[in-house]
Participant: 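Take a look at this one; I'll ask things after.
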There are 2 protein chains.
Amino acid sequence: MTDTATKILDAGQFLIQTRGYSAVSFQNIATKVGIKKPSIIHHFENKCSLGVAIIQRYKSNFAEQLEAIKNDPDKTSWDSLEFYFSPYFHFASTPDQVCLCGALSGEVTALPEEMRIEVKLFMEAHQLWLKEILINGLNKQEMNFDMPPIQLARMIFNSLQGALLVKRSTDDLNQIEDVRRTIIKMLAA
Amino acid sequence: MTDTATKILDAGQFLIQTRGYSAVSFQNIATKVGIKKPSIIHHFENKCSLGVAIIQRYKSNFAEQLEAIKNDPDKTSWDSLEFYFSPYFHFASTPDQVCLCGALSGEVTALPEEMRIEVKLFMEAHQLWLKEILINGLNKQEMNFDMPPIQLARMIFNSLQGALLVKRSTDDLNQIEDVRRTIIKMLAA
DNA sequence: GTCTATACAAAGATAGAC
DNA sequence: GTCTATCTTTGTATAGAC
């Protein structure tokens, strides 16, 4: 991965998180990187493969960190959950960024099939990770709840994604803070 | 409002709910209505004003129904809440539709300012309506919960919006059904 | 009110010089 | 690896005939 390729991924990811996929052009990305439009093609053969590469990198960055925290014996299930919240709050602290896959979910049917697959895999992986954290919290009696862990995992993931999108549209940080408070209350032992 | 104008609004709304705003063109809409591209301009002066008209109509259709159910003395707060769920489940039963404003939320910063305002107003109105239903449920002792009604209203709205988007991306109806179950459990008296 | 024809800009993508 | 130049398609929008 060359330095320029990384800059293209960075710029593309930022622009998609900020404006969506259809509304982002090679020209936008090139300007942000400081190169000319056709130079992008040298690194990614077309817009779709750039899109796929952006999602895959985003997904694996997340996956690494999620894996690390899951296997750390010093971390409680609450630590893991708070860790999971942190990127959502990071994005919420910016004026215009949302989760990459949340941004794409509004126009998912307009995306090439290869990108749709990546979005789906991202969402499923996150829900499974959350489910494991919840099962762990229950087993260790750090958390308490009375419903199937996968149901709660879906609720947590979907409410965070929704809250981030609604936060950006309304410019109201309460959207995500209230969701966090509600999740914590649902799990309190 | 002429018949053609209505058909243009219908087609435009359906296409935005299905594919987003940036990815929908006058050509797409014209084809769906069965007219030529420039005929749309006769009814809506540009894409932005068509977008605004679509959101405003969507919003006022909702508002009428929400108002009606709120003022019906025969309806319990649970009836009102189930009524609120119904369009989400209707969209979820289609292969590709989400809430109009949920679809727009992923690309909201790419929208013209006039459209952004409408999206924001929609979300705020829905959360206020939910808040009133929750207060009502508490007062009538039909519901029971221990947090600020606006916090719970935000959680409900955001989780439904998120669930619908994630349902479409994953093709998994559990996404929205599990959110509904969790909401109901949170409010159970 | 709808059409044909067209203007103009911007999109994704390619060819080939350097 | 990056550039200029260009191709082709498609986008929004306009002019003017019918």
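Order of the sequence lines sets the chain letters (A, B, ...), proteins ahead of strands, with each chain counted from 1.
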Participant: Side-chain N or O of B/Ser39 versus OP1/OP2 of C/dC3: is the shortest distance under 4.0 Å?
Facilitator: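 Checking C/dC3 against B/Ser39, a side-chain N or O does come within under 4.0 Å of OP1 or OP2.
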Participant: Calculate the interatomic distance between A/Ile41 atom CD1 and C/dG12 atom C1'; express it in whole Å.
Facilitator: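 The distance from CD1 of A/Ile41 to C1' of C/dG12 comes to 7 Å, rounded to the nearest Å.
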Participant: Measure from the side chain of B/Thr2, starting at C-beta and using heavy atoms only, and say which of D/dC3, C/dG12, C/dG1 lies closest.
Facilitator: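 Among D/dC3, C/dG12, C/dG1, the one nearest the side chain of B/Thr2 is C/dG1.
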Participant: Within the pair A/Lys47 and C/dG12, is there a side-chain N or O less than 4.0 Å away from OP1 or OP2?
Facilitator: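 Checking C/dG12 against A/Lys47, a side-chain N or O does come within under 4.0 Å of OP1 or OP2.
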Participant: Whether B/His43 contacts C/dT2 is assessed here as follows: a side-chain N or O lying under 4.0 Å from the phosphate OP1 or OP2. Is that the case?
Facilitator: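 So the side chain of B/His43 is within the cut-off, an N or O lying under 4.0 Å from OP1 or OP2 of C/dT2.
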Participant: Nearest whole Å is fine: how far is C/dG12 P from A/Ile40 CD1?
Facilitator: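 Rounded to the whole Å, the gap is 9 Å.
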Participant: Can you tell me the distance, in whole Å, between the CD atom of A/Glu45 and the C1' atom of D/dG1?
Facilitator: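 After rounding, the gap between these two atoms is 17 Å.
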Participant: Please state how far atom NZ in B/Lys7 lies from atom C1' in C/dG1, giving the value in whole angstrom units.
Facilitator: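 From B/Lys7 NZ to C/dG1 C1': 13 Å.
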Participant: Does B/Thr4 place a side-chain N or O at less than 4.0 Å from the phosphate oxygens OP1/OP2 of C/dG1?
Facilitator: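 Negative; the distance criterion is not met.
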Participant: So, A/Ser25 and A/Asn28: side-chain donor and acceptor under 3.5 Å apart, yes or no?
Facilitator: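 Yes, side-chain donor-acceptor contact under 3.5 Å.
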Participant: Dump the intermediate steps for salt bridge (Lys or Arg N to Asp or Glu O under 4.0 Å) on B/Glu177 and B/Arg180, then the final yes or no.
Facilitator: CA-CA 5 Å; B/Glu177 284 172 355; B/Arg180 177 172 168 274; over 6 Å; no
Participant: At under 4.0 Å between heavy atoms, what does A/Val33 touch on the DNA or RNA strands: base, sugar-phosphate, or nothing?
Facilitator: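 Result for A/Val33 = nothing.
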Participant: Closer than 4.0 angstrom, basic N to acidic O: yes or no for A/Glu118 and A/Arg57?
Facilitator: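 Result for this pair is no, no salt bridge flagged.
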Participant: Is B/Ser25 near enough to D/dT10 that one of its side-chain N or O atoms lies under 4.0 angstrom from OP1 or OP2?
Facilitator: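 No, outside the criterion.
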Participant: Please give, in whole Å, the distance from D/dT10 C1' to B/Gln27 CD?
Facilitator: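 Going from CD in B/Gln27 over to C1' in D/dT10 covers 9 Å.
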Participant: From D/dT2, C/dT14, D/dT14, pick the nucleotide closest to the side chain of A/Pro38?
Facilitator: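 Selected nucleotide: C/dT14.
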Participant: In whole angstrom, what separates B/Lys37's NZ from C/dC3's C1'?
Facilitator: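 Answer to the nearest Å: 13 Å.
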Participant: Are the charged groups of B/Lys32 and B/Asp10 less than 4.0 angstrom apart, N to O?
Facilitator: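 Judged by the 4.0 Å cut-off on N to carboxylate O distance, B/Lys32 and B/Asp10 do not form a salt bridge.
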Participant: Taking the six-membered ring where the residue is Trp, are the ring centres of A/Trp129 and A/Tyr84 under 6.0 Å apart?
Facilitator: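 Close enough - the centres of the two rings lie under 6.0 Å apart.
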Participant: Looking at the side chain of A/Asn46, which of C/dT2, D/dA13, C/dA13 is the nearest nucleotide?
Facilitator: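 Per side-chain heavy atoms of A/Asn46, the pick is C/dA13.
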Participant: Specify the separation, in whole Å, of atom CD1 of B/Ile8 and atom P of C/dG1.
Facilitator: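 To the nearest whole Å, that distance equals 11 Å.
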Participant: Using whole Å, report how far NE2 of B/His42 lies from P of D/dT12.
Facilitator: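 It is 19 Å, rounded to the nearest whole Å.
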